[in-house]
Protein chains: 2
Amino acid sequence: MSTAEETAGGETQAWGEVTPDAARRLLVAAVEAFAERGYHATTTRDIAGRAGMSPAALYIHYKTKEELLHRISRIGHEKALEILRTASRREGTASERLADAVGSFVRWHAGGRTTARVVQYELDSLGPDARAEILALRRQCDAEVRGIIEDGIASGEFDVLDVKGTTLAVLSLCIDVARWFSLEGRWTPDEIGALYADLVLRMVGAAK
Amino acid sequence: MSTAEETAGGETQAWGEVTPDAARRLLVAAVEAFAERGYHATTTRDIAGRAGMSPAALYIHYKTKEELLHRISRIGHEKALEILRTASRREGTASERLADAVGSFVRWHAGGRTTARVVQYELDSLGPDARAEILALRRQCDAEVRGIIEDGIASGEFDVLDVKGTTLAVLSLCIDVARWFSLEGRWTPDEIGALYADLVLRMVGAAK
């Protein structure tokens with residue numbers, strides 16, 4: 001997957017908070033390398049080389065390869081949480097907020113699929129402390145979606161048999177967009193976002 | 001992920017068609033190694049070592065590491081197709097057949113999640129010919145599910161806006177079970193199969 005493709009998907013923008021520039025370049029290089037070859041097959045030398053830097057220059061910014069993965073995963077999960085929280089806390093009915101959450105989350109996974117794949121598939125490569133921190137962020141993401149579904153049940157908009165299971169399925173459907181999106185090419189991220197918002201409203205039995 | 005855990009999930013049974021025994025042991029070792037460290041970080045020496053064999057013994061059965069991945073992927077996809085085809089071609093209404101397809105496919109992804117992860121996430125590691133063959137099997141899987149949905153529309157059981165998009169979403173939801181299943185532990189494969197069958201019938205607007 002090329003850098004140009006990622007930039008088109010809006011990925012590069014997401015790393016704006018990483019400074020200085022050298023630290024950001026290394027992070028982007030690490031995402032590409034992990035996505036292409038996997039975390040375990042990537043060395044810090046590979047990452048430095050992709051960023052046009054020396055291994056010594058890398059160690060100024062990141063002590064270990066795991067620190068890079070941890071930082072990528074934390075930024076990715078914080079962004080995911082921000083997207084879901086924004087949709088959850090906006091004005092509107094539960095149906096509108098759920099459609100917004102799903103549409104935004106899907107567009108983000110389609111556009112930023114390289115990062116999303118690294119973040120989702122290399123979770124087991126994190127050490128125990130980093131993993132615990134990321135799992136806490138994931139529980140917060142889950143709580144935002146569950147909150148919208150519970151609001152919709154309370155207001156009589158939704159008809160749901162298993163709130164926890166349905167929450168999990170909604171998030172799972174959105175996350176898996178990162179796996180298949182580049183394989184297809186039949187839809188734009190916006191089209192998939194709209195399709196999935198409709199499918200999820202059906203899953204929660206939203207009154208039409 | 002331990003071998004015992006996989007066996008509990010029914011994974012080992014799936015390789016019964018691989019003979020002789022040494023070839024099967026090597027295949028199981030390859031699945032475990034690829035799932036744990038990724039395809040690119042795994043050497044044929046690692047695989048032979050896990051199987052308690054020498055690298056020379058491995059080469060009697062598999063000429064390259066890619067041949068192992070190709071064989072794993074082909075067997076996995078043929079099994080997926082068989083599951084979907086069986087559900088698609090049984091007697092019953094479209095709703096019953098779709099619920100059966102989703103339930104079986106989910107149980108298989110939950111139970112055989114290690115293999116499913118390798119098969120799903122290492123698709124880009126296959127060479128062009130192997131990849132083309134696997135993509136053809138994936139299109140057949142897609143066609144089985146699409147066929148049930150089209151039958152349900154024709155019979156008036158289902159109300160679907162986008163048949164291709166809904167087919168993709170149904171398969172995606174089932175496949176992603178392999179990613180999250182071992183992280184949770186709240187549900188059995190049967191429970192997830194039943195929950196997902198209900199959610200998918202809602203997605204296709206099945207009349208109750």
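Quick note on labels: first sequence line is chain A, next is B, and so on, each numbered from 1.
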When heavy-atom pairs shorter than 4.5 Å are enumerated against chain A, which of B:Cys174, B:Gly165, B:Gly38 gives the highest number? B:Gly165

Between B:Ser155 and B:Glu157, does any side-chain donor sit less than 3.5 Å from a side-chain acceptor? yes

Run the salt bridge (charged side-chain N to carboxylate O under 4.0 Å, His left out) test on A:Arg97 and A:Asp151 for me, step by step, so that the C-alpha distance in whole Å, both residues' side-chain angles and the decisive distance to 0.1 Å come before the verdict. CA-CA 10 Å; A:Arg97 289 156 58 217; A:Asp151 288 348; 2.9 Å; yes

Using a 4.5 angstrom heavy-atom cutoff, name the option from A:Asp176, A:Thr166, A:Leu161, A:Asp162 with the most pairs to chain B. A:Asp176

Which portion of A:Tyr196 sits near chain B, non-hydrogen atoms under 4.5 angstrom: side chain

Engaged part of A:Val200 at the chain B interface, taking heavy atoms whose separation is under 4.5 Å: neither

With no hydrogens and no angle check, do the side chains of A:Glu133 and A:His70 hold a donor and an acceptor under 3.5 Å apart? yes

Per-residue contact mode, B:Leu199 against chain A (heavy atom under 4.5 angstrom): both

Any chance you could lay out the salt bridge (charged side-chain N to carboxylate O under 4.0 Å, His left out) test for B:Arg85 and B:Glu82, step after step, and finish with the verdict? CA-CA 5 Å; B:Arg85 191 167 273 168; B:Glu82 184 196 318; over 6 Å; no

Given that the side chain runs from C-beta out, which part of A:Leu173 has a heavy atom under 4.5 Å from chain B: side chain, backbone, both or neither? both

Would you say the side-chain atoms of A:Tyr62 and A:Thr44 include a donor-acceptor pair closer than 3.5 Å? no

